[in-house]
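Below is one structure, written out as structure tokens; comments come after it.
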Amino acid sequence: MTKPLRKAVLPVAGLGTRFLPATKAIAKEMLPVVDKPLIQYAIEEARAAGIEQFCMVTGRGKTALVEHFDIAFELERTLQERNKTEALEALKATQVEPGSMVTVRQQVPLGLGHAIWCARAFIGDDPFAILLPDDLVLSQTPCLRQLADAYRDTGGNVVAVTEVPREHTNRYGILRIGKDDGRMVEVTGLVEKPAPQDAPSNLSIIGRYVLMPEVIGHLAKMERGAGNEVQLTDGMAKLIGNQPFHGLRYEGRRFDCGDKVGFLEAQIAFALKRPDLADAVRSFLKSYV
Ligand code: G1P
């Protein structure tokens with residue numbers, strides 16, 4: 001019996017330098033894809049996977065992320081008075097259960113591993129999910145749901161993986177793989193951002209993880225890795241051999257919204273899935289290409 005997965009950590013302390021000046025005064029996770037901020041996609045995906053408790057690892061200038069999931073009393077009142085039912089419905093989706101969302105602060109940007117370690121009190125002895133809101137996945141079944149289901153079957157650690165071109169291995173955490181049934185792969189090693197010639201495969205981790213709490217003990221050593229940062233990938237690598245560790249080739253399409261082209265592509269792909277927008281978007285697209 002695996003312990004139920006109820007907690008998720010969302011690291012949102014990044015500076016968003018790739019989207020300056022848009023991110024000068026607002027968090028990059030508040031940038032919308034169509035009409036919803038990236039952080040809300042992540043929270044909705046987590047909920048759909050059965051997550052009940054959320055921890056955002058924030059930094060300076062990120063208060064809007066907390067506000068976003070609070071009640072906007074005056075705004076709701078005004079909308080009610082004006083009978084704006086659709087707008088009110090949209091606001092409802094931003095509300096979380098009282099007391100279900102906490103934040104911790106990562107005061108210094110020492111890397112993703114350090115950010116996760118900052119959530120150690122929240123994680124405690126429980127398995128937990130990580131969602132990196134920059135990675136947006138368009139799929140039939142929400143990506144984290146797919147991971148949570150796989151976790152229930154196998155136990156231990158499960159990360160979402162996808163094949164990338166060889167020349168891009170230096171952008172991701174890369175797997176060394178053992179047994180592979182085409183969907184689930186056994187992870188025998190992990191390397192953060194290896195050069196193409198050093199990469200043990202071209203199977204990369206995307207920003208969805210189900211991890212065991214023991215990873216925290218490894219991260220606590222604060223060993224520096226790629227880019228002189230405390231890397232989550234290095235902490236996870238230490239679990240291999242002691243606990244099950246699998247990669248799941250998820251069903252769906254991933255958009256790297258930390259990258260300008262990926263972000264633009266996500267806008268189009270998500271808009272084309274919207275019944276209220278698809279026709280209009282398809283027809284204007286034709287005029288450009
Ligand atoms: C992080 C992780 C990397 C992972 C990637 C997925 O990298 O360190 O292992 O493959 O997210 O998006 P970052 O995008 O923060 O450089």
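The residues of the chain are indexed from 1 along the displayed sequence. One-based numbering, in listed order, for ligands and for the atoms of each.
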In plain terms, say whether E223 and K238 are close enough for a salt bridge, that is, a side-chain N and a carboxylate O under 4.0 Å apart.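 Looking at E223 and K238, the cut-off is met.
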Any Lys/Arg nitrogen of E163 or R249 sitting under 4.0 Å from an Asp/Glu carboxylate oxygen of the other?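 Here E163 pairs with R249 in a salt bridge, since their nearest N and O are under 4.0 Å apart.
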Which protein residues have a heavy atom closer than 4.0 Å to any atom of ligand 1, listed by chain and number?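 Answer by chain and number: L112, L132, D135, Y172, G173, E192, K193, I205, I206, G207, Y209, Q231, T233, R254.
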Can you list every ring pair (Phe, Tyr, Trp, His ring centres under 6.0 Å) pair that touches residues 187-233, not counting sequence neighbours?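 Sorted result for residues 187-233: empty, none.
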Show me the donor-acceptor pairs within less than 3.5 Å that the side chains of residues 120-138 make with the rest of the protein, sequence neighbours left out.
{"from": "R120", "atom 1": "NH1", "to": "W117", "atom 2": "O", "distance (Å)": "3.2"}
{"from": "D126", "atom 1": "OD1", "to": "K3", "atom 2": "NZ", "distance (Å)": "3.1"}
{"from": "D126", "atom 1": "OD2", "to": "K7", "atom 2": "NZ", "distance (Å)": "2.8"}
{"from": "D134", "atom 1": "OD2", "to": "K28", "atom 2": "NZ", "distance (Å)": "3.0"}
{"from": "D135", "atom 1": "OD1", "to": "R254", "atom 2": "NE", "distance (Å)": "2.9"}
{"from": "D135", "atom 1": "OD1", "to": "R254", "atom 2": "NH2", "distance (Å)": "2.8"}
{"from": "D135", "atom 1": "OD2", "to": "G207", "atom 2": "N", "distance (Å)": "2.7"}
{"from": "D135", "atom 1": "OD2", "to": "R254", "atom 2": "NH2", "distance (Å)": "3.4"}

E192 side chain vs D234 backbone, donor-acceptor pair below 3.5 Å: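 Checked: no pair found.
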For L79, what are the other residues in its hydrophobic cluster, where any two members join if their side-chain heavy atoms are less than 4.5 angstrom apart?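 L79 shares its hydrophobic cluster with L75, L88, L91.
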